Amino acid sequence: MAYTQNKKVLEFVRESVELARPDKVVWIDGSEAQLEGLRQEAVKTGEMIKLNQEKLPGCYYHRTAENDVARVEDRTFICCKNKEDAGPINNWMDPAEAYALCREIARGKMAGRTMYVIPYSMGVVGSPFSKIGIEVTDSIYVVLNMAIMTRVGVECYDYLGEDGDFIKGFHCKCDVDPEKRYIMHFPEDDTIISVNSAYGGNVLLGKKCFALRIASYLGKQEGWMAEHMLILGVTFPDGSKHYVAAAFPSACGKTNLAMLIPPKHFLEEGYKVECVGDDIAWIRVGADGRLWAVNPENGFFGVAPGTNEKSNPNALAATREGAIFTNVAIDPADNTVWWEGLTKQPPEKLIDWLGKPWTPASGTKAAHPNSRFTAPATGCPCLSPEFNSKEGVPLDAIIFGGRRATTTPLVYQSRDWDHGVFVGSIMSSETTAAATGAVGVLRHDPMAMKPFCGYHMADYFAHWIEMGKKIKNPPKIFNVNWFRQGEKGEFLWPGFGDNMRVLEWILKRCNGSVGARKTAIGYVPYAKDIDLEGLDYSRETLESILYVDKKRWSAEADEIAEYYKQFGDRLPAELKKSLETLKKNCAE
Ligand code: OXD
Ligand code: MN
């Protein structure tokens, strides 16, 4: 049953059927009864394993193909008419060529399978921020993950009416052939095509493909922003609430920061941190001239390894009910899950992510480093009461942050909005297992959007500058680096809950209640102003990671100048000016 008379939906489904030739079409209605039927079917076929329902009620397990464990940036394309509009950072393919290639690959590939039609909303249905997508897929795993990560249901059709527009997403597992794997985006046609993968970031099309790549393009056209940012709220002891959005590259701790538990004395004083989102923010200028943000997602697709009672008890709690685990290890003793870092001592015997028997002596990782949990947001104990707000939350601060062993101090504040855009544009970070390729390589990742910007990166910078002109009361912009290392490679900042100490300084800067030192790169805290109570940590170490080394920054400026060259004339003058100022400041 189609649930809709929307001609464009019916046409999209008809075309998809004609191409992929499924045996059957199932229209997803979002009901628990239908989802439960699909879970049972997936267990029967071996696509999912039902976990211990006493310890992990409603939780399931899934293994991807060994060659299909992360986003594939080298096979991800922006397919716009003019190559120049995709910019120097994106892979580009001519739309006609990309459609033809994908059609060739997907032709008849759903034969013998069922095609599911998923209506979903990114954001609360009916919010001025929200947008509707329809994904067709031949994977039950995708349906069940989408039902956690987005708002799936027939109300999306009601909202669309007979003529409403939506983002089309076509996904087909095909043969999970890495040589024919393509994640194609057609921003000018509101269309996404994903073939030959079944890994979350490549196939849950509401997430990276729609909510970042397509949405960033729409944001540029329509005057709003789609960002790779968590959103959190801090309640002060006086009851006032302050919201922060923060951009970090994949697997750099966004989920941990979003769900942070402050150190004991902050809690005793009455501070509270609540999570609005852990990965994506859609941001608009409100009537009050401030920036307002919503999290368009409905769940968390988090990196499992390293998540434990200490690092992130809130995320862990969210995974205890109704979650799907992908590529972690199974503990056969009680049919539960395990991953590196969950407990100090691994169990004696596990089934690893490849399905093979594993013991601590195996010398391999039991869980894939990019193994994931998909967990409903409602299971997060610190979920903000504003999570479902249609208006979103007003931002006091925007934070950028990368994984840098040296150079970038623990925290600094930009001089103003335009300088803040510069600070975001020069972000670089060491690569992680969230994408295929080498890990630990320093690369530029402006605003943590390198893999996710759906158009020319310099035009994206220009959009940020333009947005700044529309915001009467802009949030203050900061940069943080939790990952400074000492000579022996040891981390110099404790991170996790102790990041509250830095957050507090940031918010005090926003309300003007703390001073700062003006340096070559922006405002840096006086060490005395970072609260170290209850922490066994020396002021000298703190001084060392707040230090701005002009020699290093001068070299950094030269490197940024090289990096900027690829953007040519499209690079906004404001960024060139900030780079000149940085050079001049370092020479003084
Ligand atoms: C993610 C990613 O899954 O950034 O959020 O890779
Ligand atoms: Mn992400």
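The structure displayed is predicted, hence computed values, not measured ones. First listed ligand is number 1; within each ligand, the first listed atom is number 1. Atom set for the values below is all heavy atoms of this structure, side chains included, hydrogens, waters and symmetry mates excluded.
Taking every heavy atom of Phe452 and a limit of under 4.0 angstrom, the matching atoms of ligand 1 come to 4 (O). Each of the following atoms of ligand 1 lies closer than 4.0 Å to a heavy atom of Ala434: 6 (O). Atoms of ligand 1 lying under 4.0 Å from any heavy atom of Phe301, numbered from 1 in the order shown and given with element: 3 (O). Listed by number with element, the atoms of ligand 1 under 4.0 angstrom from any heavy atom of His228 are 4 (O).
Considering backbone and side-chain N/O of Arg71, one or more are found under 3.5 Å from N/O of ligand 1. The shortest N/O to N/O separation between Asp279 and ligand 1 falls below 3.5 Å. The distance criterion of under 3.5 Å between nitrogen or oxygen atoms is not met by Tyr199 with respect to ligand 1.
Lys208 lies close to the Mn ion (ligand 2), since one of its N, O or S atoms is found at a distance under 2.8 Å.
The Mn ion (ligand 2) lies at the vertex of an angle of 90° between the OD1 atom of Asp279 and the NE2 atom of His228 (rounded to 10°).
A heavy-atom distance below 4.5 Å is found between the side chains of Pro305 and Val303. Taking 4.5 Å as the limit, every side-chain heavy atom of Glu135 sits out of range of all side-chain heavy atoms of Phe166.
Note on Glu430 versus Arg404: no salt bridge recorded, every NZ/NE/NH1/NH2 to OD/OE distance being 4.0 Å or above. Using a cut-off of 4.0 Å between Lys/Arg side-chain N and Asp/Glu carboxylate O, Glu73 and Lys208 are scored as not salt-bridged. Asp138 and Lys109 are not joined by a salt bridge, as no carboxylate oxygen comes within less than 4.0 angstrom of a charged side-chain nitrogen.
Summarising the local packing, NZ of Lys450 is surrounded by more than 12 heavy atoms from other residues, nucleotides or ligands at distances under 6.0 Å.
Each of Phe325, Trp353, Tyr199 was compared with His368 under the ring pair (Phe, Tyr, Trp, His ring centres under 6.0 Å) criterion, and only Trp353 meets it.
Of the protein's non-hydrogen atoms, the one nearest atom 5 (O) of ligand 1 is Lys208 NZ, 3.0 Å. Among protein heavy atoms, the minimum distance from atom 4 (O) of ligand 1 is reached at Ser250 OG, 2.5 Å. Residue, atom and distance of the protein heavy atom nearest to atom 3 (O) of ligand 1 are Arg372 NH1, 2.8 Å.
Taking the six-membered ring for Trp and the full ring otherwise, the centers of Phe567 and Phe461 sit less than 6.0 Å from each other.
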